[in-house]
Amino acid sequence: MIKNMNRIFGVLLLLYLPVALIAQNQQFPRDTSFNVHSTFIKERKYYPFIKPVQEFVIPGVNEKRNVVYYSFGERKLHADVFYPKRTTSEIHPGVILIHGGGWASGNKSHLVPLAQKLAEHGFVAASVEYRLSPEALYPAGVIDLKTAIKWLKINAAEFGLDSSKVVVLGTSAGATLASLLATTGGKDVYPSHKLDRNASDRVQALINIDGVVDFTTPSESAKDDNPDKPSAGARWFGATYQQKPELWEEASAVNYVDEQTPPTIFINSKNARFHAGRGDFLKVLDQYGIYNEVHTIPDTPHPFWLFYPWFDETWPKIVDFLDCRFKN
């Protein structure tokens with residue numbers, strides 16, 4: 001009887017809690033609402049000419065998928081790493097790519113095509129997994145990503161990486177996280193998980209693709225007027241801005257920008273909401289003479305990097321920025 005009841009409960013759980021799934025032989029809550037297909041269906045109503053970007057097959061690129069970069073208990077965190085095939089002892093700059101999805105949804109596969117393009121142009125590119133709000137609240141994801149930076153540096157020889165040239169790139173919520181990583185590197189703000197060897201969490205450049213850097217602006221902090229529909233921020237922090245403003249302030253990268261912040265590029269859609277805090281961020285960079293670029297791609301929806309024709313406008317801007325910083 002108990003076995004039957006458990007079986008029935010399991011079936012009901014799958015039917016009524018679609019955010020739960022099994023991945024990498026691990027069971028943990030996931031929100032799958034943000035994905036490329038559903039976003040394509042939504043956006044093509046307004047942009048009927050768009051096409052989703054698919055993964056590439058690039059002869060000059062090696063790959064290692066679902067590499068475990070950290071584990072605790074049965075939970076494992078993974079990375080997909082793409083890197084140039086080596087014919088010499090040359091080493092390459094690295095890029096850690098962080099997907100978006102409101103800190104609640106999305107997965108590392110969304111940035112695999114971009115990672116492959118970067119590897120094709122001479123970079124070690126790792127699209128990484130991190131814990132999302134249905135599984136663990138802020139700052140769990142930040143701690144995971146700090147660890148990913150250190151892990152990639154520790155394993156530099158395996159991928160032909162120059163560990164002194166590591167960049168963080170994020171899209172949407174991932175860009176918010178990337179900005180937080182870039183501005184807090186070397187500071188005692190967030191820890192990482194413990195690894196067998198030491199490595200710095202500092203990075204040498206930031207690529208922010210349509211991610212807010214200030215949670216306290218009204219476009220983010222004033223959303224929670226309906227308790228039954230918490231904002232993505234409230235879901236991530238486990239509290240609204242009114243309930244715990246200190247968390248929203250702590251996670252705002254604009255509060256950490258200083259003379260140690262690395263060179264930065266913002267690549268933005270037409271949606272001003274996703275530029276929150278950018279102006280103040282840039283003022284500090286300019287104050288310290290830190291190189292920065294801003295590119296707005298006209299008439300684009302928020303998730304433009306997932307679709308043609310905008311993908312082919314986005315990756316060359318990234319490569320040009322990185323070549324300027326590291327290769328020329």
Side-chain angles (χ1 to χ4, degrees), residues 33-56 95 97-107 109-118 120-121 127 168-179 205-215 217-220 222-223 231-233 253-254 263-283 285-286 291-324:
S33 59
F34 178 68
N35 59 75
V36 176
H37 178 71
S38 63
T39 304
F40 169 65
I41 298 301
K42 174 184 175 182
E43 297 297 344
R44 73 175 178 179
K45 297 176 184 177
Y46 311 102
Y47 306 93
F49 53 85
I50 65 172
K51 294 181 180 180
V53 179
Q54 304 292 329
E55 292 189 11
F56 301 98
V95 183
L97 294 89
I98 306 167
H99 70 82
W103 311 282
S105 189
N107 65 74
S109 70
H110 294 177
L111 295 183
V112 163
L114 182 54
Q116 291 172 321
K117 271 295 179 185
L118 295 180
E120 182 182 26
H121 287 81
S127 185
V168 282
L169 177 157
T171 58
S172 189
T176 300
L177 285 162
S179 301
L206 164 64
I207 301 166
N208 179 311
I209 303 178
D210 234 24
V212 303
V213 293
D214 187 353
F215 278 107
T217 57
S219 60
E220 291 299 318
K223 293 178 183 177
S231 68
V254 70
T264 298
I265 181 173
F266 287 89
I267 305 176
N268 291 124
S269 70
K270 67 177 182 180
N271 297 286
R273 169 193 158 194
F274 297 102
H275 313 165
R278 185 185 70 184
D280 290 334
F281 195 106
L282 291 169
K283 284 180 182 177
L285 295 184
D286 289 340
Y291 182 84
N292 61 82
E293 298 179 16
V294 178
H295 300 274
T296 299
I297 302 178
D299 194 27
T300 47
H302 173 50
F304 61 89
W305 58 90
L306 296 174
F307 304 106
Y308 293 113
W310 306 302
F311 178 80
D312 281 339
E313 295 184 57
T314 302
W315 72 258
K317 287 179 170 58
I318 296 169
V319 169
D320 287 347
F321 169 75
L322 294 175
D323 283 349
C324 177

**Request:** Answer yes if the side chains of His302 and Asp210 hold a donor-acceptor pair under 3.5 Å, and no otherwise.
**Result:** yes
**Item:** Residue pair Arg278 / Asn268, side-chain donor-acceptor N/O under 3.5 Å
**Value:** yes
Using a 4.5 Å cut-off on heavy atoms from C-beta on, say whether the side chain of [Y] contacts that of [X].
X      : Y      : result
Phe56  : Glu120 : no
Tyr47  : Phe304 : no
Val36  : His110 : yes
Ile318 : Val95  : no

**Message:** Just checking Phe281 against Phe266, ring centres under 6.0 Å apart?
**Reply:** yes
Closest approach of [X] and [Y], non-hydrogen atoms and distance?
X      : Y      : answer
Lys317 : Ile265 : O-CD1, 4.0 Å
Val213 : Ser179 : CG1-OG, 3.6 Å
Thr217 : Ala276 : OG1-CB, 3.3 Å
Asn35  : Ser38  : OD1-N, 2.8 Å
Ala178 : Gly170 : CB-N, 3.8 Å
Pro113 : Val53  : CB-CG1, 3.5 Å

Interatomic distance, [X] atom [atom1] to [Y] atom [atom2] [nearest 0.5 angstrom]:
X      : Y      : atom1 : atom2 : value
Thr176 : Phe274 : OG1   : CZ    : 9.5 Å
Thr171 : Ile207 : OG1   : CD1   : 11.5 Å
Lys283 : Asn292 : NZ    : CG    : 13.5 Å
Leu306 : His99  : CG    : NE2   : 11.5 Å
Glu293 : Asp320 : CD    : CG    : 8.0 Å
Asn208 : Leu177 : CG    : CG    : 10.5 Å

**Side-chain (His275) to main-chain (Lys270) donor-acceptor, under 3.5 angstrom** = no
**Prompt:** Would you say the side-chain atoms of Thr314 pair up with the backbone N or O of Trp310, donor to acceptor, closer than 3.5 Å?
**Reply:** yes
**Prompt:** Near Phe49 CZ, under 6.0 Å, is it more than 12 heavy atoms from other residues, nucleotides or ligands?
**Reply:** yes
**Request:** Give the ring-plane orientation class for Trp103 versus Phe215, where under 30° counts as parallel, over 60° as perpendicular and anything between as tilted.
**Result:** tilted
**Whether Phe40 and His37 hold their rings parallel, tilted or perpendicular, with breakpoints at 30° and 60°** = tilted
**Request:** Check step by step if side-chain contact (heavy atoms from CB on, under 4.5 Å) holds for Leu285 and Thr264.
**Result:** CA-CA 9 Å; Leu285 295 184; Thr264 298; 3.8 Å; yes
**Message:** Under the criterion side-chain contact (heavy atoms from CB on, under 4.5 Å), I'd like the reasoning laid out for Trp305 against Ser172: C-alpha separation, chi angles, the key distance, then a yes or no.
**Reply:** CA-CA 10 Å; Trp305 58 90; Ser172 189; 3.8 Å; yes
**Asked** Does the side-chain contact (heavy atoms from CB on, under 4.5 Å) test come out yes or no for Leu169 and Leu114, once each step is laid out?
**Response** CA-CA 10 Å; Leu169 177 157; Leu114 182 54; 4.0 Å; yes
